[in-house]
Amino acid sequence: MTVTLPRRTARRTEAPPVDLAEHGIHRDPVNHDPLGSATFSQRLVQRAAGLFNRGTTRRSFLTRTAVLGSALAVGPIDFILKPGSAYAYTCGTCSDGWTAFCCTINSGKNSCPPNSFVAGWWKADNAAYCCGAARYIIDCNATCPTQCACRCAGGSCDGRRTCCNQFRYGQCHTEIACYGPVVCRVATCTPPWRYDPSCTTSSATDNKTVNHGAPCLTTDCGGSAIDKKYDALGGAGGFLRAPTAAERANSDKRGRMRTYQGGNIYWTSTTGAHEVHGDILKEFGKQATVNGVLKYPTSDTLTSSDKKSRYNNFENGRIYYRGGIGTFTVPKPFFAKHESLRGVHGSLGYPIRNVTTSADKKSRYQNYEHGRIYLQGSRVVEIHGAVYTKHESLQGVYGPLGYPISDLGAAGDNRGKAQWFEKGFIWYTPTTGAHGLWGKVNDRHIANGHVKGYLRYPTSEPMPVGDGRGTYATFERGNIYASTTTAGFQVHGAVLDAYLNTYGGPQGSLGYPTSELDPAGTSGGRFQQFEGGKLRYNANGTVTLVS
Amino acid sequence: MLQTARPTTTATTPATTTREGARQPDRRVCQQRSGQVRQDGRLMKLASHGIETDLPPGWEGRIGVRTQPSADTRAIGDTSEVPHPIVHLANFALPEQRGDFGSGAVDLMGDDDVLVVLFEYGPECANTALFKRQGIPKDLAPSMFSSSALQRTMPGQAGCQIFFTEAGRAFCSYTVLGRQSSALRVLPQANDTLSRTRIAPR
């Protein structure tokens, strides 16, 4: 009798959630039994195959299903109808009922894949994989809600299964109650509580698994990840020289470290093992090492592409070392801003100081070769180049502009740049340089279209007129005047010439402007009002005093 | 050095049948344990490491702690490891070579066989989210079992893990049924055995 192997079909109607947490059963309620969803035909095949699985060695699925008739002959109907597996069991008939190793399903990586967590472990003694030492198997259980379906790892019945076995060893992440099926297993010679500090040292043993393997697993005789890094760096003959203390767990219960004569190696399961040495290590120490803002190193010491510095990357920033200049930390969120501006190769250049709190306590900032980054609350703003120089010349954040609230950006006219501050702007072009505007003069410049208006870019900051009343600023195409009693108004062209040269400007008989020049085409002529009179702009380009 | 707790008789419930299994202790594996020996008409008390149970007729059990690895025994683990007591109770003959969660034993189970494992964790686990249930489970029901809730899936078998804290000690109760459809027949035995199991504070 022959049987056609049923294809995996859509699951039967989804089972309702089964939440047994109150009983201490924490299997994923919405994936209570990943093996339990099966079609009748799938269960039929499974039962038949399962019958022959007992007490036999592994056989091919087809061999077993080929004798389905015999199975049915000896198996009562309840054998067929028992609740149980489908595809998974079908797969299980040609696997051994165990879960696959992670390297089989996780792109070769011997670590938990996304949507799973380290949930427990056991060991097998005298493992050849660990050169005679104990070998640890760490289960990666699916997080709830389960994002995977029971299947054969790699889609092959030669592989073990994934996301099928709802079993938890339970020594790791006991703060997480709910768990899905075991996605895969990590095999390591490193004790699990060193691999993931959430694991406890409560020992579990299953020596029947000592020879479980996969093509992607190799023997591992090199000790801990820190030991391997040390060896890779030349061991005692390398720059780290001899160890000065035993490897130890850090107080953060997350990672481990070991000290050497020439530096330290730090490790976590997420960052791996990385060395830190020399002046960078000293600076790391000033920053409270892994307990500070930087957290764990994510690289060994590297050399910058411009050969001017050496640096280590950390989870939350970077430390730069420049011989003869200094060693400086660029922590989060300064680091992200700096990197967004091409880091040391960009407009800010290298850090030249560590992060400092401003005298007014309103910000923290870091100086760079060509600028500065300010952190105010959650706002991170950079300022650099001529604009930075101008801002500093205007007393920086304590001057009339206050703090920057945007990065330097394009002005929108394809020509210059602008930076917005709490109380004004700095405008920049290569021809005009950088100039700041604030107060009533700035208000008028903005109201009149700023650099896209008639006046274009400022060529000065607001300056005192000298009468104790007013200020003015010069622009590429005119001036803006303001006083304590008048708003800012733009004066330009022939009217400005007459205002300054004929009538003595704001300190002359006309005083300060009190209106803008009437727009072209205004019926009855174009006038501009001043405190002491009115100027008319005539069609022939001349200007006359009206009253 | 092996220390064996001597079983003692407690009650007079008539014995039914008991299948004798190998009784030779694995000296490398366990530092201390006690084994049940059938005595007709008596319940057998099994007590060690602050865990005590009265085995019904036809049942056998082990309470043990694996050897603590030392600097000279790298082959069995790291010196930081802390083995805790493990209880195996079964209505069938337990093989000597068993994984802590019953591998080796589950391979031998018949349709009406049941295995109960009590696996203890360190005190740091007690009352955490996973172990928030208080009290040893004594009310196992068929609905709690799943053919997927097994350390290693075996056709026809079903399992149930219950994490709990009792007397300040964290445990996992892992029960395996030789055949899921036999649950109604064998679970009363398992519940009876669990009801006779007591855990004292450390």
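- Your options are B:Gly104, B:Ser103, B:Gly77, and the one with the most heavy-atom pairs under 4.5 Å with chain A is B:Ser103.
- For B:Gln161, the parts lying under 4.5 angstrom from a heavy atom of chain A are both the backbone and the side chain.
- The candidate from A:Pro191, A:Gly170, A:Gly132, A:Pro192 with the greatest count of non-hydrogen atom pairs under 4.5 Å with chain B is A:Gly170.
- Here A:His26 is the residue among A:Glu175, A:His26, A:Glu22 with the most heavy-atom pairs under 4.5 Å with chain B.
- For chain B, the option among A:Ala204, A:Ser203, A:Ala124 with the highest count of heavy-atom pairs below 4.5 Å is A:Ser203.
- Residue contact with chain B, scored on non-hydrogen atoms closer than 4.5 Å, is absent for A:Cys178.
- For the options B:Arg133, B:Gln151, B:His84, heavy-atom pairs under 4.5 Å to chain A are most numerous at B:Gln151.
- Heavy-atom pairs under 4.5 Å with chain B were tallied for A:Thr200, A:Thr205, A:Thr209; the largest tally goes to A:Thr205.
- With a 4.5 angstrom heavy-atom cutoff, A:Tyr179 touches chain B only via side-chain atoms.
- With respect to A:Arg168 and A:Asp139, no salt bridge is recorded, no charged nitrogen being found less than 4.0 Å from a carboxylate O.
- Proximity to chain B (any heavy atom under 4.5 Å) is shown, for A:Gln171, by both the backbone and the side chain.
- Residue A:Arg135: no heavy atom, backbone or side chain, is found under 4.5 Å from chain B.
- The aromatic rings of A:His212 and A:Trp98 sit perpendicular, their planes meeting at an angle over 60°, well past the 30° parallel limit.
- Using the six-membered ring where Trp is involved, B:Tyr174 and A:Phe167 have ring planes that are perpendicular, over 60° apart on the 30 and 60° scheme.
- A salt bridge links A:Arg194 to B:Asp78: one of the charged nitrogens lies within less than 4.0 Å of a carboxylate oxygen.
- Using a 30° and 60° split on the angle between ring planes, A:Trp193 and A:Tyr136 fall in the perpendicular class, above 60°.
- Using a distance-only test at 3.5 Å, with no hydrogens or angles considered, no donor-acceptor pair links the side chain of A:Thr146 to the main chain of A:Ala142.
- Heavy-atom distances place no part of B:Phe164 under 4.5 Å from chain A, backbone and side chain included.
- Proximity of B:Leu89 to B:Thr53: side-chain heavy atoms (C-beta onward) are separated by under 4.5 Å at one or more points.
- Counting heavy atoms from C-beta outward, B:Trp59 and B:Phe92 have side chains that stay 4.5 Å or more apart.
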